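The block underneath contains the structure these notes are about, expressed in structure tokens.
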Number of protein chains: 2
Amino acid sequence: MGRTSDAEQRLIEEATSLWYSRSYADVGVSEICDAAGVRKGSFYHFFPSKRDLALAVLDRHAQTFRERVVERVAAHEGTAMERLDLVGQIGAEFLAETAEATGTVCGCPVGNLAVELSTIDDTLRRRFDAMFRERIAFLRSLLDAAVAEGSLPAGTDTDLVAESLNAYYEGILAMAKTAGDAGLLRRLAPLAIGLVRAPEAAPVSS
Amino acid sequence: MGRTSDAEQRLIEEATSLWYSRSYADVGVSEICDAAGVRKGSFYHFFPSKRDLALAVLDRHAQTFRERVVERVAAHEGTAMERLDLVGQIGAEFLAETAEATGTVCGCPVGNLAVELSTIDDTLRRRFDAMFRERIAFLRSLLDAAVAEGSLPAGTDTDLVAESLNAYYEGILAMAKTAGDAGLLRRLAPLAIGLVRAPEAAPVSS
DNA sequence: GTAATAGTTGACCGGTCGGTCAAGGGGAGC
DNA sequence: GCTCCCCTTGACCGACCGGTCAACTATTAC
């Protein structure tokens with residue numbers, strides 16, 4: 001019964017790209033509605049508040065990550081180390097594509113929002129944290145596979161290394177955004193191997 | 001001639017801490033004025049716009065970094081590798097102190113603003129970029145010293161490694177903020193040695 | 001002392017923000 | 001074809017945003 005509509009999805013799509021290329025605070029409900037061709041009254045039919053749209057956008061980001069990274073990497077036939085490498089390549093692809101489309105390097109869609117909003121809204125912060133923990137768990141599964149294949153030492157603390165890899169990628173994305181340099185990820189990603197294959201002794205950092 | 005005042009400095013101080021613990025967009029001119037005990041009219045006597053206060057805040061951050069990191073590290077008597085390690089320790093100290101003071105982990109004062117504003121205001125973006133390039137140059141000087149001391153291989157691409165270290169620290173700070181975990185930096189910093197002492201061959205990441 | 005001036009005050013402004021609502025339209029299910 | 005309900009519409013709201021201004025005050029340099 002009643003009529004159907006894809007307005008909700010359009011709002012999510014437009015909010016996703018507008019918030020990514022600018023910021024959460026800088027893009028208001030009205031602008032999102034305009035971009036989606038939806039009247040403001042309809043917006044509040046679907047979402048109780050701007051914050052609730054943000055939650056829906058985060059769900060979409062989580063879904064996209066699973067489809068565009070997890071599934072694609074899992075489909076790759078090859079070694080675990082190759083699959084690990086593929087993660088960085090997919091990221092670099094995404095950054096280059098969106099940079100070309102928007103004219104600016106925008107960093108990480110989730111990381112941007114996390115940095116902007118984590119200290120303001122604790123519910124959102126927990127959501128960001130859960131998303132990153134999912135990513136870390138995924139990276140860890142690749143590292144565990146690499147250990148099983150003998151490409152990494154048996155004693156590797158895959159959880160810690162996965163956390164460091166995730167932080168490293170996020171940092172590169174943030175710096176790429178700041179520098180307006182989409183190529184930074186391709187230049188810095190290769191050094192990630194050092195985080196994975198830690199030197200035996202650690203002369204620096206007790 | 002005319003009267004003197006420290007209102008300008010108070011505004012910069014309050015804006016620095018409020019923007020750090022929340023965000024640029026979330027803290028308005030009025031709130032900064034209230035915190036500083038300054039009337040809004042006075043604000044615009046000192047700063048033409050909110051954005052100009054942001055530029056002053058960034059100057060202050062650059063100055064603080066020189067005083068609290070560069071000078072303190074330079075004063076350390078010991079090896080270059082020890083000085084490099086000290087950088088991470090000072091960062092961890094700062095994060096823990098501000099976390100205790102504010103009740104939340106707030107990440108990097110400059111990185112937060114850079115991620116929030118880089119795609120919105122290109123003038124600010126250039127300023128952020130310049131600040132990070134200064135930090136990278138500083139890290140590079142430590143790495144060069146380590147090479148000179150023989151602690152790192154002569155062929156080390158110190159510029160690239162410095163960039164990766166900076167990105168890594170920024171990423172950790174962002175993830176610490178998201179997780180609300182001030183200890184993350186202490187846990188992940190030791191792995192930075194892997195970025196510095198890259199494994200000879202690079203099986204992953206072509 | 002006095003004049004020139006840096007700093008202060010508080011009322012004020014247009015615009016936009018997130019959000020509300022009562023009424024109306026239109027397609028799906030029967 | 002009728003009914004029900006999902007969706008749409010557009011006018012409206014109070015609050016707050018960044019920013020302005022003319023009058024005033026306290027200094028400091030001379």
Side-chain angles (χ1 to χ4, degrees), chain A residues 1-58 112-113 116-125 127, chain B residues 1-58 113 116-117 119-125 127:
Chain A
M1 303 180 179
R3 56 212 277 204
T4 55
S5 163
D6 63 340
E8 184 174 3
Q9 284 308 311
R10 291 206 311 274
L11 286 167
I12 293 173
E13 303 271 308
E14 293 297 335
T16 299
S17 78
L18 283 169
W19 283 339
Y20 178 47
S21 64
R22 312 246 291 283
S23 79
Y24 178 78
D26 196 49
V27 179
V29 174
S30 302
E31 186 174 353
I32 294 167
C33 289
D34 285 349
V38 170
R39 246 46 61 198
K40 210 196 259 190
S42 284
F43 179 97
Y44 286 96
H45 171 72
F46 294 108
F47 304 100
S49 72
K50 185 186 184 186
R51 219 258 310 243
D52 288 277
L53 174 60
L55 288 167
V57 165
L58 291 181
N112 293 349
L113 294 170
E116 181 183 356
L117 302 170
S118 280
T119 53
I120 298 176
D121 186 317
D122 203 60
T123 303
L124 287 176
R125 204 214 88 232
R127 192 73 237 287
Chain B
M1 303 183 177
R3 55 216 273 203
T4 56
S5 163
D6 63 341
E8 184 174 4
Q9 283 308 312
R10 290 205 313 274
L11 287 167
I12 293 173
E13 303 271 307
E14 293 298 335
T16 298
S17 79
L18 284 168
W19 283 341
Y20 178 47
S21 64
R22 313 247 289 284
S23 78
Y24 178 78
D26 197 50
V27 178
V29 173
S30 303
E31 188 174 351
I32 294 167
C33 288
D34 286 349
V38 170
R39 247 48 60 198
K40 211 196 260 191
S42 284
F43 179 98
Y44 286 97
H45 171 72
F46 295 109
F47 304 101
S49 73
K50 186 186 183 186
R51 219 248 323 231
D52 288 276
L53 174 61
L55 289 168
V57 165
L58 291 181
L113 294 171
E116 182 182 356
L117 302 171
T119 53
I120 297 175
D121 186 316
D122 203 60
T123 302
L124 286 176
R125 204 214 89 232
R127 191 74 235 286

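The structure displayed is predicted, hence computed values, not measured ones. Proteins get letters first, then strands, A, B, ... in listed order; numbering begins at 1 in each.
The side chain of B:Arg3 contributes no N or O atom lying less than 4.0 Å from OP1 or OP2 of C:dA6.
Chain B approaches DNA chain D within less than 4.0 angstrom (heavy atoms of the protein), and the contacting nucleotides run 5' to 3' from D:dG18 to D:dA29.
Both A:Phe46 and B:Lys50 lie close to DNA chain D; mapped to their nearest nucleotides by heavy-atom distance, the more 5′-ward contact belongs to A:Phe46. Nearest-nucleotide positions on DNA chain C for B:Gly2 and B:Gly41 put B:Gly2 closer to the 5' end.
What separates NZ of A:Lys40 from P of C:dC17 is a distance of 7 Å, to the nearest Å. When rounded to the nearest whole Å, the span between NE2 of B:His45 and P of C:dG10 equals 17 Å. Following rounding to the nearest Å, A:Asp26 (CG) and C:dC17 (C1') show an atom-to-atom distance of 12 Å. With rounding to whole Å, B:Arg39 atom CZ is found 21 Å from C:dA6 atom P.
When all heavy atoms of A:Ser49 and A:Tyr44 are compared, the closest pair comes out as CA-CE2, 4.0 Å. Annotation for B:Glu116 and B:Ser23: closest pair OE1-CB, 3.5 Å, computed over non-hydrogen atoms.
Note: B:Arg22 CZ to A:Ile120 CD1 = 7.0 Å, rounded to the nearest 0.5 Å. In this structure, CG in A:Leu55 is found 7.5 Å from CG in A:Asp121, a value given to the nearest 0.5 Å. Interatomic distance, B:Leu117 CG to B:Arg51 CZ, rounded to the nearest 0.5 Å: 10.5 Å. Interatomic distance, B:Leu113 CG to B:Leu124 CG, rounded to the nearest 0.5 Å: 8.5 Å. Here the straight-line distance linking atom CH2 of A:Trp19 with atom CD of A:Glu14 works out to 12.0 Å at 0.5 Å rounding. Taking CG of A:Asp26 as the start and CD of A:Glu31 as the end, the distance is 7.5 Å to the nearest 0.5 Å.
Rounded to 10 degrees, the angle between the two end axes of the helix from C:dG1-D:dC30 to C:dG24-D:dC7 is 20°, with five pairs used at each end.
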Could you go step by step and tell me if A:Gln9 and A:Ile12 meet the side-chain contact (heavy atoms from CB on, under 4.5 Å) rule? CA-CA 5 Å; A:Gln9 284 308 311; A:Ile12 293 173; 4.0 Å; yes
Under the criterion side-chain contact (heavy atoms from CB on, under 4.5 Å), I'd like the reasoning laid out for B:Ser5 against B:Phe46: C-alpha separation, chi angles, the key distance, then a yes or no. CA-CA 11 Å; B:Ser5 163; B:Phe46 295 109; 4.2 Å; yes
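Residues of residues 27-34 of chain A that place a heavy atom closer than 4.0 Å to DNA chain C, in numerical order, are A:Gly28, A:Val29.
For the pair B:Thr16 (side chain) and B:Val57 (backbone), a donor-acceptor distance under 3.5 Å is absent.
Contacts of A:Ser5 with the nucleic acid, taken as non-hydrogen atoms under 4.0 Å apart, involve only primed sugar atoms and P, OP1 or OP2.
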